[in-house]
Amino acid sequence: MAVDYTTRNGIAVITLNNPPVNGLGFSTRLGIVEGVERAQADASVSAIVIVGAGKAFSGGADITEFNTPKATQEPTLHTVIKVVEGSTKPVVAAIHSVAMGGGLELALGAHYRVALAGAQIALPEVKLGILPGAGGTQRLPRAVGLETALNMIVSGAPVMSEKLAGAGLFDQMAEGDLLGEAVKFAQKVGAQSGPHPKVRDRKIEHPNAEGFIQFTRNMVTPMAKNFPAPLKCIDAVDAGVKLGFDKGLAAERECFVALVQTPESRALRHAFFGERAASKIPDVPSTTPVRKIERVGVIGAGTMGGGIAMNFANAGLPVTLLETKQEALDRGLATIRKNYESAVKKGRLTAEKLEERMALITPTLAYEGLKDADLIIEAVFEELGVKEQVFSKLDQVAKRGAILASNTSTLDVDKIAAFTKRPEDVVGMHFFSPANVMKLLEVVRGAKTSKDVLATVMQLAKKIKKTAVVSGVCDGFIGNRMIEQYLRQALFMLEEGALPAQVDRAIEKFGFAMGPFRMSDLAGNDIGWAIRKRRYLEKPDLKYSKIADRLCETGRFGQKTGAGWYDYKAGDRAAHPSKIVDEMVVAYSKERDVTRRKISDDEIVERLVFALVNEGALILEEGIASKASDIDMVYLTGYGFPLYRGGPMLYADTVGLYNVERAMRKYAAQPNGDAWKPAARVTELAAAGRGFNS
Ligand code: T1G
């Protein structure tokens, strides 16, 4: 049973025991109700304590039950809270570590709350695109006041328990032995005659509730542009203020039911699960032993190497940073310091923390400096010959059992592993620039990469706050392989009739942070140019529009040269549509004898996004990615795909693969249609009426 029941000095102790975070799944809910009823029937019991075993009081509704009949099977959380609140014997919630979502709502249904400091108190449902669905929008304002409650509910952010000590939520802050103190408190209130206080009976005091709620609405509206949940949170709280507890509860229920069915909520829940599922590798058991990583080495102090080193310093790990020349090393360290200084300026870091982190980074010009490292990541020039020098040297210097990682974004990790006598210790760790900011880390699994190396890197990724996704070895791994097809379509559409600003505007309206041409100008058009030149040699039959090469031949590499697909003014990063480029595009169509046509925004979005979907389907078929949600996590955390659409594969499911395939067949019949042969996986799933994530 997910709940234990004991009695102790006349107090019934109900212990939630549903690891890992006491999610309020069906059996936990049932156990609480049975425990409260058992305590009511036991004359020797004067009061009840509810406490959580392990790492949390409760992390809320059991998310593993979402979208299953169990989630709404009686006793629902509403029923549980009603039974707790209706108990004639006082119920004391003993809170430690985490009281979130339904877990906090359960505690609010108790008559009293005793908490340890350091507990995360939150109603994070808004982050899942829903809202507290078991009375949280009604009880929290009555427990901590309207302003604190509304901020917590609309942001979903946790507040540490000690910060709420005086807010009326906790009846006592425990010092050490939480259960002992809670039992003592229960004995005290158990000796008092009832009725015992109910949070629902408190008033919501505020000098100008209506004004404050309107102010919150004005603040939230612009930020919640694509997310309906925050405003619904305000509606539910507002209803409780205006109409009283019961009507407020009914309004909350209505909002919850409406939100849980929205595509945005499905997308946010998909991302929540996808983030956690990504760290699970199908054939690497969670019990796989991991290697100790106490010292890290980074080779290359350029933009990538410096950013990578910062990730580990930020996590408190000593990093040795190797460069070949002193001035490169000095430049790299100066850049790292500058990055930290800007964080201090923004108030995100203290000056002493800056020095602490800088002190963790040891510069060196000698490979010897890496001999004690448990993990060494190279971020040197993207050329196989250079990688060969580095890895054969590492093979001699690195200690036995050290993990040797390459930050390569395009080269074959198996070939790199073969430069060593320890291919089982070699793995790809593809960071995204800027490496100290972007959450995505593609972990590239070589044919010989050992399971414990993978398990170690996935665990380390969590420590450096990265979303790690495992990719097999192929050109471009997951993200860049798919973005290549996206960019191919973007270029074809220029040739067929669109202009750069129109393509960017259309896809940015869809929700991308940045369209392909602004993105290319930012990254540098010469990077894509180099990749295409390689591609033309490797895959001569792969059709490409040459318009981007024409642009590069004029030296328009983007922001770094002050002109690219767009024009730029000195000191200003704003992209200004370029008459020169537009004329170049039109002239190119003419040269190609293409009659330009009007291309709709819908076609732009479909061709860009479905190009990702089709390549993603091939990636799944080839086993390069093990699950569709991994592909979505790559795009949500590394490529600016809109979170409220859940990633390319979930978006395809939302559109319906039947419709996606029909669109592909339509484009296959147009000029440049050879890119549109639907992947077998798309056809199979569409025929079966399924989706990538169903
Ligand atoms: N139910 C079940 N499992 C959960 C869970 C939950 N609520 N929360 C986390 N887990 C799992 C997670 O998948 C992972 O599993 C393990 O616990 C450790 O998680 C009616 C409807 C609680 C702060 O949104 O914020 O209540 O990968 O790696 O860093 O109004 O998890 O080990 O197999 O994140 O220590 C609202 C979400 C639900 C809380 C712990 N609750 N969880 O952080 O560990 S909706 C939430 C978190 C709701 C009611 C509504 C964090 C955490 P595995 P972890 P952590």
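Note that ligands are numbered from 1 as they come in the structure, with each ligand's atoms numbered from 1 the same way.
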Heavy-atom contacts with [X] under 4.0 Å: which atoms of ligand 1 show up? List them by number with element.
X    : answer
P132 : 30 (O)
D62  : 1 (N), 2 (C)
G101 : 26 (O)
G60  : 26 (O)

Take [atom] and look for protein heavy atoms under 4.0 Å from it; say yes if you find one, no if not.
atom                    : value
atom 52 (C) of ligand 1 : no
atom 30 (O) of ligand 1 : yes
atom 44 (O) of ligand 1 : yes

Next item on the list: May I ask whether A56 has any heavy atom positioned less than 4.0 angstrom from an atom of ligand 1?
Entry: no

Margin query: Within the structure, is a non-hydrogen atom of G133 found at a distance of less than 4.0 Å from ligand 1?
Written below: yes

For [atom], find the nearest protein heavy atom and state the residue, atom name and distance (0.1 Å precision).
atom                    : value
atom 18 (C) of ligand 1 : K55 NZ, 4.2 Å
atom 15 (O) of ligand 1 : P20 CG, 4.2 Å
atom 24 (O) of ligand 1 : P124 CG, 3.5 Å
atom 42 (N) of ligand 1 : F272 CZ, 3.8 Å

Note to self: Whether the side chain of K451 engages the backbone of D283 through a donor-acceptor N/O pair (distance < 3.5 Å, no angle test) should be reported.
What the structure shows: yes

Item checked: Main-chain N/O of A258 paired to T262 side chain as donor or acceptor, under 3.5 Å -> no

For [atom], which of the options [options] provides the nearest non-hydrogen atom?
atom                    : options          : result
atom 25 (O) of ligand 1 : E275, E105, M100 : M100
atom 10 (N) of ligand 1 : V21, T137, L106  : V21
atom 33 (O) of ligand 1 : Q120, E252, K280 : K280
atom 12 (C) of ligand 1 : R276, R269, K462 : R276

With a 4.0 Å cut-off, would you call [X] and [Y] a salt bridge?
X    : Y    : value
D630 : K627 : yes
D374 : R291 : no
D238 : R217 : yes

Contact check, side chains of [X] and [Y], non-hydrogen atoms, under 4.5 Å:
X    : Y    : result
V51  : V13  : yes
I50  : V91  : yes
D452 : V290 : no
L317 : R295 : no

Contact (N/O only, under 3.5 Å) between [X] and ligand 1:
X    : result
G59  : yes
V98  : no
G102 : yes
I63  : yes

Margin query: Applying the side-chain hydrogen bond (donor to acceptor under 3.5 Å, both in side chains) criterion to T467, which one of E275, E442, R276 satisfies it?
Written below: E275

Determine whether the side chain, the backbone, both or neither of [X] has a heavy atom under 4.0 Å from any heavy atom of ligand 1.
X    : answer
A61  : both
F66  : side chain
K127 : neither

Next item on the list: Determine, using ring centers only, whether F432 and Y639 are less than 6.0 Å apart.
Entry: yes

Next item on the list: Indicate the atoms forming the closest heavy-atom contact of A625 with L620, along with that distance.
Entry: O-CD2, 3.7 Å

What donor-acceptor contacts under 3.5 angstrom involve side-chain atoms of residues 133-144, with partners at least two apart or in another chain?
residue, atom, partner, partner atom, Å
T137, OG1, E252, OE1, 2.5
Q138, NE2, A236, O, 3.0
Q138, NE2, G248, O, 3.3
R139, NE, E85, OE2, 3.1
R139, NH2, E85, OE1, 2.9
R139, NH2, E85, OE2, 3.2
R142, NE, R202, O, 3.2
R142, NH1, Q138, O, 2.8

Item checked: side-chain hydrogen bond (donor to acceptor under 3.5 Å, both in side chains) partners of S58, counting only residues at least two apart -> none

